[in-house]
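FYI, the numbering just counts along the sequence from 1.
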Amino acid sequence: MAKTKTAFFCQHCGSQYSKWQGQCTSCKQWNTIVEEVIQRPTKAGWDSQQPLSKKAAKPERIRDISAQQDRRLDTGNEELNRVLGGGLVGGSLVLLGGEPGIGKSTLMLQIALKIPFKTLYVSGEESAQQIKMRAERVHPDSENCFILTETKTQNIFRHISELQPDILVIDSIQTLQTDHIESSAGSISQIRECTSELIKFAKETHTPVILIGHITKDGNIAGPKILEHMVDTVLQFEGDRNHIYRILRAQKNRFGSTNELGIYEMQGSGLREVVNPSEILISKIDEGLSGTAIAATLEGMRPLMIEIQALVSTAVYGTPQRSTTGYNTKRLNMILAVLEKRAGFKLGAKDVFLNVTGGITVDDPAIDLAVVAAVLSSNVDITVDKGICFAAEIGLAGEVRPVTRIDQRITEAEKLGFSSIVISKQAKLGKTDHGIQVIRIAKVSDLVRHLFG
Ligand code: TYD
Ligand code: MG
């Protein structure tokens, strides 16, 4: 078979080379040279039987195009449906990324087993027996799920034409290999070629394709960045492997909002959808512990109550340690500086540890006030009343700033049985008759007075 012609290009300056080298000789950048296809044999990848010319797109007047929503396939998994924006869109490519062991294969296999459509689960990572063993744990018995252990795209497409699945799952894109490129599986050019073959297949047959992708050490999906541009939806599966909760969020979604998120709990029998996340993120210990405070945060569109824990202790080494889990360390340093300057707390010689419980990472600035409350509570060793929660941002001048969607946060706090919520004095409330005491403060020093008298 005629091989594809490839060449090596610097991704930085565009210089072309006949073979790979570590440094680009013209722009002197390192590791920017990748193999790219410059000429492909005419019959490559997925080829539908019909000549393309009949199907080729024609210019259409925009007012003649029907705005009808694509029919969405219900995945049978509420959390995933919501993150996708209401289900899988026909012909769309979804890329699911996440760290090894986080549960990507488990999630997709679970969907494949449960969904009432014919699904082909292609695995290049595990044997059919391994998958069967996992399937027995999560959801034994399914009529519609087919397993194929294959990595060559040409073979996969051959099986697809026979089986005609409604949904295709690829585990993982990094293990696929096309005949048309010589480089090894997982290389940039292989990933790109295989993805474009799959896109062609998805768009021509209107079959949704879910790709599982590995991520690199720094948290990006392995392979060319262009992979994320090529697909319609990029989902990220995250969480701490040592914790049982997992969060699924959309980084990019052509068919829905990227604000939604799904929460799962990893159990012995697979991933369980967590319908009311706030309840699990707050510890059920009745007697108060100093150093904990509850924040009313929003993850996407969803209100979420999370517990912040702080430990402030005298530094044992010369330089005090500041360590955080699930929260930005720089932001903690800023808050400590504000507390020192604006509220007179001498925290400069203290070790401060901060933890967002449940192993999730939050970057909503509205948890600042809960961080302050937790730090102060640990510092003076006085508990924060369990019935209080917090939702406000802290500014550099020590001012307590309003945050978005405050009404939604208050409603969630009320629903979960909190007796009061501390917010910014400047917050504009949509409605004033909340069934929970709303405490408005203007400065961090007000909080000190409020919490500890
Ligand atoms: P896996 O889906 O293989 O992760 P990925 O494909 O993202 O690499 O997840 C495997 C982990 O999940 C593994 O450490 C075991 C755990 N697990 C459970 O706790 N319960 C289960 O029912 C299953 C199937 C896996
Ligand atoms: Mg896997």
Side-chain angles (χ1 to χ4, degrees), residues 219 236 238 247 249-251 257-261 263 277-278 281-282 291-310 322-343 345 347 352-378 384 388-413 418 420-430 438-448 450-451:
Q236 193 78 28
E238 48 193 59
I247 291 184
R249 61 173 100 229
Q251 276 184 354
S257 138
T258 51
N259 285 330
E260 294 295 351
L261 108 172
I263 300 184
S278 297
L281 292 171
I282 299 174
T292 63
I294 312 284
T297 169
L298 281 182
E299 270 295 349
M301 307 299 275
R302 223 167 159 193
L304 196 66
M305 309 300 282
I306 52 166
E307 190 169 311
I308 312 284
Q309 289 194 314
R322 270 77 211 268
S323 159
T324 60
T325 317
Y327 187 70
N328 187 336
T329 313
K330 283 194 188 137
R331 189 134 191 117
L332 174 66
N333 283 330
M334 181 215 97
I335 286 182
L336 295 178
V338 169
L339 283 178
E340 181 129 13
K341 176 108 181 167
R342 309 286 175 193
F345 283 92
L347 297 165
V352 180
F353 303 95
L354 194 87
N355 190 5
V356 177
T357 56
I360 63 168
T361 302
V362 193
D363 52 10
D364 179 8
I367 72 170
D368 286 357
L369 195 59
V371 170
V372 170
V375 167
L376 293 182
S377 158
S378 175
V384 175
I388 302 186
C389 61
F390 305 86
E393 185 182 342
I394 303 294
L396 285 180
E399 81 276 26
V400 175
R401 307 172 66 99
V403 289
T404 54
R405 299 222 190 83
I406 192 71
D407 287 291
Q408 223 177 323
R409 299 175 200 257
I410 297 175
T411 313
E412 176 77 1
F418 284 89
S420 46
I421 179 166
V422 185
I423 64 167
S424 161
K425 197 162 201 165
Q426 281 128 39
K428 290 194 176 56
L429 296 190
V438 178
I439 303 166
R440 290 158 156 276
I441 58 171
K443 298 194 296 286
V444 261
S445 44
D446 297 347
L447 179 73
V448 180
H450 218 96
L451 288 182

Could you list the residues that satisfy side chain to side chain contact (heavy atoms under 4.5 Å, CB included) with Thr324, not counting sequence neighbours? Tyr327, Thr329, Leu332, Leu354

Nearest 0.5 Å, what's the OG-CZ distance between Ser424 and Phe390? 14.0 Å

Using side-chain heavy atoms (C-beta onward) and a distance below 4.5 Å, is Ile423 in contact with Leu429? yes

Restricting to side chain to side chain donor-acceptor pair (under 3.5 Å), what partner residues turn up for Asp363, sequence neighbours left out? none

Partners meeting side chain to side chain donor-acceptor pair (under 3.5 Å) with Arg401 (sequence neighbours left out): Glu399

The residue among Val338, Val448, Val444 that forms side chain to side chain contact (heavy atoms under 4.5 Å, CB included) with Val372 is Val444

Output all residues satisfying side chain to side chain contact (heavy atoms under 4.5 Å, CB included) with Ser323, sequence neighbours left out; order by chain, then residue number. Phe353

I need the minimum non-hydrogen distance between Ala296 and Ala391, along with the two atoms involved. O-CB, 3.7 Å

To the nearest 0.5 Å, what is the distance between CD on Gln236 and CD1 on Ile247? 11.5 Å

Do Lys443 and Arg342 have side chains that approach each other closer than 4.5 Å (heavy atoms only, starting at C-beta)? no

Close side-chain approach of Ile439 to His450, heavy-atom, < 4.5 Å: yes

Please round to the nearest 0.5 Å and tell me the distance separating atom CD1 of Ile421 and atom CD of Glu412. 10.0 Å

With a 4.5 Å limit on heavy-atom distance, are the side chains of Leu376 and Leu451 in contact? no

Nearest heavy-atom neighbours spanning Ala250 and Ser257: CB-O, 4.4 Å

Side chain to side chain contact (heavy atoms under 4.5 Å, CB included) involving Asp364 - partner list, sequence neighbours excluded: Thr297, Leu298, Val362, Ala366, Arg409

Are Ile263 and Leu304 packed together at the side-chain level, in the sense that at least one heavy-atom pair is separated by less than 4.5 angstrom? yes

Contact summary for Ala427 and Arg440, nearest pair of heavy atoms: O-NH2, 2.9 Å

Under the 3.5 angstrom rule, does the side chain of Asp407 hit a backbone N or O of Gly430 as a donor-acceptor pair? yes

Applying side chain to side chain contact (heavy atoms under 4.5 Å, CB included) to Ala295 and not counting sequence neighbours gives Ile306, Ile308, Ile367, Ala370

Main-chain N/O of Ala374 paired to Ser378 side chain as donor or acceptor, under 3.5 Å: no

Taking all heavy atoms of Leu347 and all of Glu340, pick out the closest pair and write down the distance. N-OE1, 3.4 Å

Between Ser377 (side chain) and Gly291 (backbone), is there a donor-acceptor pair under 3.5 Å? yes

Please report the interatomic distance OG(Ser420) to CD1(Ile410), rounded to the nearest 0.5 Å. 11.5 Å

Ile394 side chain near Leu369 side chain, heavy-atom distance below 4.5 Å: yes

I'd like to check Phe345 versus Val375 (side-chain heavy atoms, cut-off strictly below 4.5 Å). Are they in contact? no

Evaluate salt bridge (Lys or Arg N to Asp or Glu O under 4.0 Å) for Arg331 paired with Glu393, printing each intermediate quantity in order. CA-CA 11 Å; Arg331 189 134 191 117; Glu393 185 182 342; 3.6 Å; yes

